[in-house]
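Just so it is clear: chains get the letters A, B, ... in the order the sequence lines come, proteins before strands, and each one is counted from 1.
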Amino acid sequence: MSSSGLRDSHVQLNEDGSLRHFLTIDGLSQSLLTEIMENAERFIDFGQRKIKKAPLLRGYTIVNLFFEPSTRTRTTFEIAAKRLSADVINLNAQRSSTSKGETLLDTARNLQAMHADMLIVRDSHAGAAHLIATHLNDQLQVVNAGDGRHAHPTQAMLDMFTIRQYKPDFSKLAVAIVGDVLHSRVARSQIQALGILGVPDIRVIGPNTLIPTDVESLGVTAHTSMETGLDNVDVVIMLRLQRERMIGQLIASEQEYFKTWGLTQERFASTNKNAIVMHPGPINRGLEISSSMADSPNSLILPQVTNGIAIRMSVLSMVMSGVEGVKE
Amino acid sequence: MRIAINGGLLIDPKAGTEKKQNVYINNGVVEAIGKSPAWGNKKATNIDASGLIVSPGFVDLRARMREPGHEHKATLASETRAAAIAGITSLCMPPDCIPAIDTPAIAQMIKHRANGLGGTQVYPIAALTHGLHGSVLTDMKALIDAGCVGVSNALTPLDNSLVMRRALQYATTFDILTLIYPQNASLRGNGVAHEGRVSTRLGLPASPVAAEIVGLARDLALVETTGARAHFCGISSARAVEMIQEARARGLSVTADVAIAHLHLTEDSLLSFDTNCHVEPPFRSEQDRQALISAVADGTITAICTDHQPHEPEAKLTPFSESEPGTSSLEVLLPLALTTGKQTQMPLASTIALLTYGPAQILNIDVGEISVGHRADICIFDLDEQWILNKDTINSAGKNSPFLGDTLTGKVKQVICGGKLKIN
């Protein structure tokens, strides 16, 4: 019976406090998050080099194990690993809890038997990466690329990294996260990262159906109105709305949603001067964000993607650096 | 076989006994209490119970045996033996085995198999609807005649309120007890965690308190209008406790139980994604847990059960929401009930009543007491002995306990089941 609540971070840390796996932001220290970002700085101009390779992970085999479809996250992980000279294998696997197929742990054990060194895991169930890390702790490094609604820690770190490029002092920021917080692993990880980095004013905005119960316990204030929620914020993070499963259930209609919570130039005017807009993608133009807002100079949607590679290179190299034989 | 239990403190809540008295058993039946029979201690197995408590064997309102249908998890043989060693001498088996207990033949088969094993007595609960599908009522009368002690749709709530109403009306025709797991299926959805702080932090699909109390409100209304005798299983929230209290105060024939683990764990136990803490209904807030403890202490809840659900290891080696719900809880029933009793400063006899006479009274069956001429079902335990729960001290085939590694206080030393010793 454990009530620590920090077991996640115990599983993901070595005894000296360095990263062993990367499963969640929850429970990590400010200095570790800062280290991830500072380590990423040295990879940021990599993409512009003629030879886009560093030999840090040469000889290591990294498996992208994705049980959920993904383009952006899988691709940026793949590019990050390849730029670090690792061998990368992509597995887009199917898994169903009802069919008597191979279990998640058996799949992971098979990959471990093939001497994979690291698994980058995405699964639709909260705790999936944690499960593999707990049971194959000694043999494999695990990086969470999204587990259910629980966590998406590399996405949160690339967002923090992007914010830092424009707003270096976290202790002075007001940040609003808008939309489907309930189903969003990105929002959970962002809220935790912002809190750890010392952001004093974190807000979530959306209809009550999309704001999880007791959301204040995460250290945020909840708003239902964009007008009050965006007032004087420095950073606006828009979340993707999954149209198919929401309309008529969690939101009334696309029209009403966009009219009430869509980010438009007009609404954006109530934010602070030089406020920035982010979105983890893929975006729904005209549903959560207007086209003109998505393409405005304040929008950092594309720089986020570029930064995603640097952050993932940083995380992969830090996780592997704890393993014997990897030297920087 | 003659057994003399000497020097123990006899506590029988039904008779109101709490006194150092010897108990004499002959031929499976209690022959004398206090005053020794003609055979005295001669030609008898003498048990020295000095310093120990002698209580009626425990009556468990809900324990899955996994047979028939899930023998890879556990069997009647493994679980009736484990239950007996844990002091449980009578238990009710919910109808959700495979096939469901929806015909007299299945009920008789289970009783025949179980009672041939010589462990705990098994009382099947009959399915309320065929296959638990919620549409066609079972032959309740025939099922009761075949040895079932009540009817229930187990963990599958009846969506159709008309079927529920008719089921209750039909049950009242024969004065049959209906055991209800109060839940609104659509509000529960695919929820696996209490909707609150922890489900929000971990992003686990949530089951709100509303799922329980909406289900309970409907069923209380139907109980009231049909005059049915109803027992509510595994209450988990503070509001549900209040509703049961109100219903009882208004004179409805309503009882309730709580699963032992719900008196000890809250939503916080999920923070490490421990799949052994995946239960149905979910562990709720600390405030809910405190309300359940108060309800046990003030008599709103009159039975504590194990809600035992043994699993093979693989059932829990999955991401949390994919794991199968339920805990293996036979061994923890006594020590954890004693702990709750101590916390609330309940008299020991009241704690024992929650495990014996309380559940027996709900079922209206003739167990949970020690009296002359009755079947000898007795548990002898040490109030203070400490021991560690681990895979070796769990006798059930299912090792899925959230309490693994914990030090528990209170240990069963000997059990007499139908006049036979169960611990060597």
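Around atom CD of A:Q249, no more than 12 heavy atoms belonging to other residues, nucleotides or ligands sit under 6.0 Å away.
Residues B:P319 and A:A126 share a closest heavy-atom pair of CB-O, 4.0 Å. Summarising the geometry of A:R188 relative to B:S199, their closest heavy-atom pair is NH2-O, 4.4 Å, with the distance given to 0.1 Å.
Atom CG of A:L131 is separated from atom OG1 of B:T275 by 7.5 Å, given to the nearest 0.5 angstrom. Remark: A:L182 CG to B:T200 OG1 distance equals 7.5 Å, nearest 0.5 Å.
Residue A:H135 touches chain B through its side chain alone, counting heavy-atom pairs closer than 4.5 Å. For chain B, no part of A:R185 is nearby; none of its heavy atoms comes within less than 4.5 Å.
By the 4.5 Å heavy-atom criterion applied to side chains, B:R201 and A:H150 are not counted as neighbours. Considering only heavy atoms from C-beta on, A:T103 stays 4.5 Å or farther from B:E314 through its side chain. The side-chain heavy atoms of B:L204 and A:R149, taken from C-beta on, include no pair separated by under 4.5 Å.
Chain B is approached within less than 4.5 Å, heavy atom to heavy atom, by A:P212, A:T213, A:D214, A:V215 from residues 200-216 of chain A, ordered by number.
For A:H130 and B:F320, the ring centers sit 6.0 Å or farther from each other.
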